[in-house]
Amino acid sequence: MLEQVREQWLDLVNDQLKEMQMEAGTGLDSIIKVGAQVPPKPEMGDIAFPLFALSKSLRKAPAAIASELMSRLEKTDGRPDGQLLVAGPYLNVKIDTSSLAQSVYESISERKDAYGQTDLYSGRKMMVEFSCPNTNKPLHLGHVRNDSIGSSISEILKANGAQVMKVNLINNRGVHICKSMLAYQRFGNGETPQSSGKKGDHLVGDYYVKFAQWEKEDPTAVEQAQKMLEKWEAGDEDTVQLWKKMNDWTLQGLEESYRTMHISFDKYYYESDTYKLGKDKILQGLADGIFYKEEDGSVWADLSDIKLDKKVLLRKDGTSLYITQDIGTAISRHDDWPFDSLTYVVASEQKYHFQVLFHLLEKLGFDWAKELHHLAYGMVFLPDGKMKSREGTVVDADDLVANLASLARQEIIEKQREDALDDIDETASSIALGAMNYYLLQVDPLRDMVFNPSESISFNGNTGPYLQYMGARICSMMRKYDEVKAQYADIPFDASLLDISAERELIKSLARYPEVVRKAGADFNPSVICAYLYDVSKVFSSYYHDNQVLKAETPQLVKARVELCSMVLQVLRNAFTLVGIPFLEKM
RNA sequence: GAGACCAUAGCUCAGCUGGAUAGAGCAUCAGAUUGCGGAUCUGAGGGUCGGAGGUUCGAAUCCUCUUGGUCUCGCCA
């Protein structure tokens with residue numbers, strides 16, 4: 001919306017500049033165009049055109065060009081409303097916010113929850129893979145960042161018109177799974193989630209830890225685990241039985257974690273179903289001369305064409321590897337749901353793996369391999385250092401959420417908000433999730449980051465709870481407004497009354513929202529939404545502090561301001577859903 | 001050893017295709033409440049954008065070199 005106005009001005013400016021350059025004798029092919037920018041301060045205008053670049057060809061100082069450009073533009077017909085300002089080497093435009101306010105008002109009232117959606121990816125089928133837990137332990141902080149990014153990206157793609165399929169891949173086989181099974185078999189004494197009162201994933205995880213201890217005492221432990229894997233692959237009934245039982249426990253536990261974290265998937269894939277699928281394609285590739293066989297029987301790919309070394313695809317005993325099954329999984333996914341793109345949300349330490357995977361699929365002749373993307377994200381550290389499972393400094397996801405919720409709960413009680421809430425536990429949990437997701441998504445995914453739990457849940461500063469509070473404040477005011485609403489029924493919304501600087505800023509922000517959604521989608525970057533949310537909330541917060549809404553001077557102004565607040569509310573709601581912040585009417 | 005990524009205030013992070021005086025939050029200090037939720041708001045101090053060159057009218061941003069850090073380079077996943 002702001003975009004269109006900017007484009008119009010940009011065209012007008014470049015048309016005039018073209019004329020000026022031609023008058024100065026510049027050849028058609030060396031005409032210089034300028035871009036549109038945003039002035040550093042609102043009082044300097046809303047759109048800026050820097051004119052440095054033209055001083056050479058026009059043989060004039062940029063400031064003189066700005067003056068001439070302004071007088072030429074003022075004689076032009078059909079330009080949008082707005083005021084032109086020369087500011088040194090810049091020509092700035094102060095747009096007419098009241099007409100902008102009117103069109104934003106119409107657009108938000110009409111589109112409501114859909115306000116901000118774009119057509120960037122409309123008609124495209126986009127698959128997103130994320131989470132991908134092992135079934136030998138519970139989720140930890142690393143998974144939480146993965147899930148946050150995966151869920152958020154999925155929502156952002158949807159908001160940009162895509163049809164999205166969220167998929168999970170459960171890593172439920174392999175020697176690491178056998179380790180927890182073996183430890184359970186030896187030390188478990190028939191313990192179950194019911195008998196122990198533990199969540200299934202935690203119970204299984206405990207035996208994975210137990211294996212690590214046992215491994216130190218008994219050097220044959222790893223060997224035994226390897227044997228168990230062989231039995232599993234051979235379909236040994238007892239082993240498969242145990243595997244099924246323990247997998248179920250873990251999966252039920254993981255499901256519970258997903259539920260509390262509001263994580264969901266459209267389809268699950270299981271490694272146990274897919275691990276053999278890639279093998280056939282590799283063998284086919286071997287037959288077609290794309291890959292080659294070593295003397296020992298192992299199958300390899302030569303990656304010198306992308307300046308990498310050789311890569312093993314099948315072991316000498318013919319069994320498949322991580323990359324083998326990922327080839328199979330990708331192919332079967334494309335068969336299941338012919339996507340236009342597939343994005344893997346996986347830690348950046350696996351960059352090499354995906355580079356190779358995508359290249360191999362391309363070599364195998366799948367043209368959709370070009371549409372595979374690795375959305376790599378950095379590691380999460382704690383304020384006191386790195387998470388190391390060996391050193392027991394892993395942050396368990398369930399514990400983290402529970403701790404954050406309990407902090408939120410304490411705060412609610414301290415502020416004596418308990419009676420005002422319908423359900424304190426539900427509210428505390430929503431605050432915890434909002435805090436966590438916002439904190440994790442604020443940072444560019446690519447970067448490593450430090451997660452500070454107590455800072456994330458803080459109610460001061462740039463946090464999820466702060467944003468939720470803004471939403472709750474507006475809702476609270478709206479409830480009061482509802483009581484007197486009838487008095488304002490006949491008063492029309494007059495956009496021109498919203499003319500103080502904070503109101504102008506808010507309107508521009510609201511108008512900018514669709515562009516923000518588009519950028520977040522184009523960049524696959526949720527932090528764009530977070531930055532926007534904080535920006536809007538901060539301006540609103542200050543505005544609301546300094547200006548009366550329900551007690552404004554005239555009924556017309558009350559109406560105009562209430563509508564402005566209601567627009568802010570709608571945009572907060574819409575943006576919250578893109579970054580996993582639960583919206584709270586009360587908190 | 002080779003490659004990739006990163007380096008911005010005491011700490012955690014923004015900074016759009018190169019543009020106006022490099023911005024937030026936390027922490028520190030100083031203020032604001034006969035007000036729609038003070039879980040708020042306002043202000044101050046705090047910077048050689050790791051370092052050195054280069055391109056450009058103009059560089060935190062682009063290029064080269066350099067220093068420091070992280071990750072990857074398994075018949076593990």
Side-chain angles (χ1 to χ4, degrees), chain A residues 34-35 37-41 44 48 50-53 55-56 61-62 87-90 92 132 134 171 173-177 271 294 296-300 307-309 311-326 347-353 355-356 376 378-379 381 383 386 408 411-412 414-415 417 420 431 439 442-444 446-452 455-456 458-463 465-466 468-470 472-481 515 519 523 527-528 530-531 534-535 538 541-552 561-562 565 586-587:
Chain A
V34 298
Q37 292 170 0
V38 181
K41 287 185 176 167
M44 301 166 86
L51 300 164
F52 306 93
S55 66
K56 215 172 251 177
Y90 294 87
N92 292 352
C132 306
N134 292 327
N171 300 120
R173 61 162 290 281
V175 72
H176 54 295
I177 304 298
E271 206 183 293
E294 279 290 342
D296 64 1
S298 55
V299 178
W300 295 72
K307 292 177 184 165
L308 290 174
D309 211 346
K311 180 80 183 171
V312 187
L313 305 178
L314 288 174
R315 291 191 184 96
K316 61 187 170 199
D317 62 7
T319 57
S320 60
L321 291 148
Y322 180 48
I323 192 122
T324 324
Q325 68 204 23
D326 259 7
S348 53
E349 56 197 12
Q350 294 198 33
K351 272 182 141 171
Y352 166 80
H353 171 75
Q355 194 187 351
V356 173
M379 284 195 277
F381 301 89
K386 195 174 174 175
E411 196 70 22
I412 290 169
E414 227 165 79
K415 304 288 176 200
R417 293 288 304 160
I431 292 172
Y439 198 95
Q442 240 183 317
V443 180
D444 188 321
L446 190 69
R447 289 178 60 115
D448 291 346
M449 69 176 291
V450 174
F451 183 85
N452 185 331
E455 190 176 287
S456 79
S458 165
F459 297 82
N460 297 315
N462 187 359
T463 65
Y466 172 84
Q468 287 172 315
Y469 178 64
M470 284 309 123
R473 286 283 298 272
I474 300 175
C475 285
S476 171
M477 189 208 77
M478 287 301 177
R479 284 192 292 273
K480 290 213 157 65
Y481 176 69
E515 284 173 59
K519 182 169 169 48
D523 296 354
S527 74
V528 171
C530 293
Y534 184 67
D535 185 57
K538 186 137 178 61
S541 182
S542 166
Y543 167 68
Y544 192 58
H545 185 268
D546 296 342
N547 299 280
Q548 286 286 341
V549 174
L550 297 181
K551 292 178 194 155
R561 287 182 173 176
V562 164
C565 291
K586 297 174 185 171
M587 64 186 283

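A note on names: the letters A, B, ... follow the listed sequences, proteins ahead of strands, and every chain is numbered from 1.
Going from the C1' atom of C41(B) to that of A22(B) covers 25 Å, rounded to whole Å. One P atom belongs to G25(B), the other to U42(B), and the distance between them is 9 Å to the nearest Å. Taking the P atoms as reference points, G53(B) lies 27 Å from U17(B), given to the whole Å. Look at the P atom in both G38(B) and G51(B): the space between them is 44 Å, to the nearest Å.
Between C36(B) and S476(A), no contact under 4.0 Å exists linking OP1 or OP2 to a side-chain N or O. Distances shorter than 4.0 Å separate none of the side-chain N or O atoms of R315(A) from OP1 or OP2 on G74(B). Between R447(A) and U70(B) there is no side-chain polar atom (N or O) within less than 4.0 angstrom of OP1 or OP2. Taking 4.0 angstrom as the limit, K351(A) places none of its side-chain polar atoms (N or O) nearer than this to OP1 or OP2 of U72(B). Between G37(B) and Y466(A), no contact under 4.0 Å exists linking OP1 or OP2 to a side-chain N or O. Phosphate proximity of G37(B) to K480(A): present, with a side-chain N or O under 4.0 Å from OP1 or OP2. A close approach under 4.0 Å does occur between a side-chain nitrogen or oxygen of S542(A) and OP1 or OP2 of U42(B). Here K519(A) does not reach the OP1 or OP2 of C16(B): none of its side-chain N or O atoms lies under 4.0 Å away.
When atom types are taken as modelled, the side chain of R447(A) and the backbone of G378(A) share no donor-acceptor pair closer than 3.5 angstrom. Although no hydrogens or angles enter the test, the distance criterion places a donor-acceptor pair under 3.5 Å between the side chain of R417(A) and the main chain of M587(A).
Distance from the side chain of V443(A) is smallest for C13(B) among the nucleotides A77(B), U70(B), C13(B). Comparing A77(B), G37(B), C75(B) against the side chain of M587(A) picks out G37(B) as the nearest. For Y534(A), the side-chain atoms get nearest to A24(B) when compared with the rest of C41(B), A24(B), A77(B). Of the candidate nucleotides A39(B), U70(B), A77(B), A77(B) has the atom nearest to the side chain of E271(A). Of the candidates U72(B), C76(B), C5(B), the closest approach to any side-chain atom of L321(A) belongs to C76(B). Closest to the A472(A) side chain, of the nucleotides G37(B), C57(B), A39(B), is G37(B). Nearest to the side-chain atoms of M449(A) among the listed nucleotides A77(B), U70(B), C13(B) stands C13(B). Comparing C75(B), A39(B), C57(B) by their nearest atom to the side chain of F52(A) picks out C57(B). Taking every side-chain heavy atom of W300(A) into account, C75(B) is the closest of C75(B), U12(B), A39(B). Of the candidate nucleotides G37(B), U42(B), A20(B), U42(B) has the atom nearest to the side chain of K538(A).
Taking atom CG of residue N462(A) and atom C1' of nucleotide A14(B), one finds them 9 Å apart after rounding to whole Å. Rounded to whole angstrom, the span from the CG atom of D444(A) across to the P atom of U61(B) amounts to 17 Å. Per the geometry, NE2 belonging to H545(A) stands 11 Å off P belonging to C36(B), to the nearest Å.
Taking CZ from F459(A) and NZ from K415(A), the interatomic distance works out to 8.5 Å, rounded to the nearest 0.5 Å. Between the CD atom in Q468(A) and the SG atom in C475(A) there is a gap of 11.5 Å [rounded to 0.5 Å].
In the interface, the side chain of D535(A) is not paired with the base of A14(B) through any donor and acceptor atom under 3.5 Å apart. In this model, no side-chain donor or acceptor of S541(A) finds a partner on the base of C41(B) within 3.5 Å.
The two atoms that bring K311(A) and V356(A) nearest to each other are CG-CG1, 4.1 Å, heavy atoms only. Across all non-hydrogen atoms, the minimal contact from A552(A) to R561(A) is CB-NH1, 4.1 Å.
Checking N171(A) against H176(A) by side-chain atom types alone, no donor-acceptor pair falls below 3.5 Å.
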